[in-house]
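Accompanying notes for the structure given below.
Chain identifiers are assigned alphabetically (A, B, ...) following the order of the sequence lines, protein sequences preceding nucleic acid strands; residue numbering begins at 1 within each chain.
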There are 2 protein chains.
Amino acid sequence: MLSYTEENYLKAIYHLSGSGTKAVLTSEIAETMNTRAASVTDMIKKLSAKNMISYEKYYGVKITRQGKAEALMVVRKHRLWETFLVQKLHFSWDEVHDVAEQLEHIQSALLIEKLDEFLEFPTVDPHGHPIPDKTGKFVEVRQIPLSDCSGKKKITIRAVRNGSPSFLQYLSKIGVYIGATVAILEKIEFDGSLEIMIDGKKKVFISREASQNLLVTE
Amino acid sequence: MLSYTEENYLKAIYHLSGSGTKAVLTSEIAETMNTRAASVTDMIKKLSAKNMISYEKYYGVKITRQGKAEALMVVRKHRLWETFLVQKLHFSWDEVHDVAEQLEHIQSALLIEKLDEFLEFPTVDPHGHPIPDKTGKFVEVRQIPLSDCSGKKKITIRAVRNGSPSFLQYLSKIGVYIGATVAILEKIEFDGSLEIMIDGKKKVFISREASQNLLVTE
DNA sequence: ATAAAAGTTTAGGGTTATCTAAAAAATTTT
DNA sequence: AAAATTTTTTAGATAACCCTAAACTTTTAT
Ligand SMILES: [Mn+2]
Ligand SMILES: [Mn+2]
Ligand SMILES: [Mn+2]
Ligand SMILES: [Mn+2]
């Protein structure tokens, strides 16, 4: 059984490790958790003692199989709650993250199973991120940043890489949403910005930075 | 801003004080919170410093206007979540309390307003308890224990006084629910138990203890 | 009216999660 | 290869919440 704080650290480590593929440094954890390195070292020892991570002094941590499973359950809860907030309570996609940060720590296996069923077993959250099933599995669709796309193929917006409220609000404002169809009309040499057509009816320019934060399939 | 623990203490004090009408003793709080009197004294000082309660050493605490308002918001959240769990996620009424104990501490005014709307502004929770509105007001219906009823009037079950899972499961088993109509067929002198008719079709005997924990209107 | 009992507070600690400052180790620069 | 810099760990504190044991106050019983 993990505490609220331990769950948050473990989730951060999971994300920073690229779903458990690489080691994570103390300073990276401190950065994302908004804490000091000394606090991270303390927590690392606790998570290590609980076999959630393996820890080599001065060389960062690796998440264990067990730690990954726990992290995935927190991610599952976070994304199911975000889906609930948008689909049932009509939150906008920029309002849900902070509330889900709290809701993801509610302890009740029954609750999360019933919520999943109520939402009809969604596979992605409002930001296009995959929702792990109760065994921790999820479908991984190969997605690439819009900035890496070329030509005039038909492109579908699948997910946002950065979920900050300001980016999400901006996307809503210009008419970009998960599932939208876009075509690249022109790539501006000067600054890497793109002129795109959204759903075949709206032309807009978006910055390179914005295009790097939109994940798409061609 | 109150902590998770402060909210729980304040809610307990509110309930123990009879909605703020009488003083509450340290020992009573310790009893319901499953803590020691010494811990209660510590918390009393904190809540007192935050003007949630007024405190006279050795003579217990009284909840302030502000404290009552805060407590009512926690009660509102608790009961709205219980209603959600039963009506939308199809929990049974004996499964919701522990989960609601966690959910009641989620901090988001928007969430609770949207949840209220989603549930179509319910006035009572699954146990028949009134749900305060966003200003803290709720309808108080005069209810009496079934054990205090006499004669063969038409009686409606309005609420349970004791919400323990075992009592609720027992009620479901014998067919008693909020809104059910009952009639008293006979009061057994020997032990105060009652023979009742539920919804005009099912006769059962219930103990005095059970009848004292059913609140009804005649 | 006193003594005993019951209830409450204070004193002194323990745990978790955080911090700053100092020490230690690794990495980068010269 | 040293020196300088960066990163990490350790040491020592603090705040919130809880505990036991002892001291103090109120209530009850004799
Ligand atoms: Mn999120
Ligand atoms: Mn998301
Ligand atoms: Mn309840
Ligand atoms: Mn209830």
| request: Figure out the CE/C1' separation between A:M33 and C:dT18, and round it to whole Å. | output: 12 Å
| Can you check the A:D42 CG to D:dT8 C1' distance for me, whole Å? | 12 Å
| said: Using a 4.0 Å heavy-atom cut-off, does A:Y4 contact any base of the nucleic acid, only the sugar-phosphate backbone, or nothing at all? | reply: nothing
| said: On DNA chain C, does the nearest nucleotide to A:E6 precede the nearest nucleotide to B:E56 from the 5' side, or the other way round? Give the residue. | reply: B:E56
| Looking at C:dT18, C:dT9, D:dC18, which one has an atom nearest to any side-chain atom of B:M43? | D:dC18
| task | Could you tell me whether the phosphate oxygens of C:dT18, OP1 or OP2, come under 4.0 Å of any side-chain nitrogen or oxygen in A:R36? | result | no
| Given the side-chain rings of B:H78 and B:H97, with only the six-membered ring counted for Trp, is the space between their centroids under 6.0 Å? | yes
| Within this structure, what is the CG-to-C1' distance between A:N34 and C:dT18, rounded to whole angstrom? | 13 Å
| Side-chain donor-acceptor pair present, B:N51, B:Q66, cut-off under 3.5 Å | no
| request: Return the value, rounded to whole Å, for the distance between atom CG of B:L2 and atom C1' of D:dA15. | output: 17 Å
| request: State whether B:S39 places a side-chain N or O below 4.0 Å from either non-bridging phosphate oxygen (OP1 or OP2) of D:dC18. | output: no
| message | Regarding A:Q107 and A:E7, do their side chains bring together a donor and an acceptor under 3.5 Å, going by distance alone? | response | yes
| Of the listed nucleotides D:dC18, C:dT10, C:dT27, the one nearest the side chain of B:T41 | C:dT10
| task | Round to a whole Å and report the spacing from NZ of A:K45 to P of D:dT9. | result | 8 Å
| Which of the following nucleotides, C:dA24, C:dT8, C:dT18, is nearest to the side chain of A:T35? | C:dT18
| said: Side chain of B:Y59 only, heavy atoms from C-beta on: which candidate in D:dT26, D:dC18, D:dT8 is closest? | reply: D:dT26
| task | Give the nucleotide from the list C:dT9, C:dT18, D:dA11 with an atom nearest to the side chain of A:A38. | result | D:dA11
| query | Rounding to a whole Å, what distance do you find between A:K57:NZ and C:dA23:P? | reply | 16 Å
| task | Give a yes or no on whether the backbone of A:H15 and the side-chain of A:S19 come within a donor-acceptor separation of less than 3.5 Å. | result | no
| message | Using whole Å, what does the distance between atom P of nucleotide C:dA6 and atom OH of B:Y58 come to? | response | 18 Å
| Are any of A:Y9's side-chain N or O atoms less than 4.0 Å away from OP1 or OP2 of C:dT16? | no
| query | Are A:K88 and A:F118 in a cation-pi contact, defined as NZ or CZ under 6.0 Å from the six-membered ring centre and within 45° of the axis? | reply | yes
| field | Phosphate OP1/OP2 of D:dT6: any A:S27 side-chain N/O under 4.0 Å | value | no
| request: Return the value, rounded to whole Å, for the distance between atom CG of B:L25 and atom C1' of C:dA6. | output: 12 Å
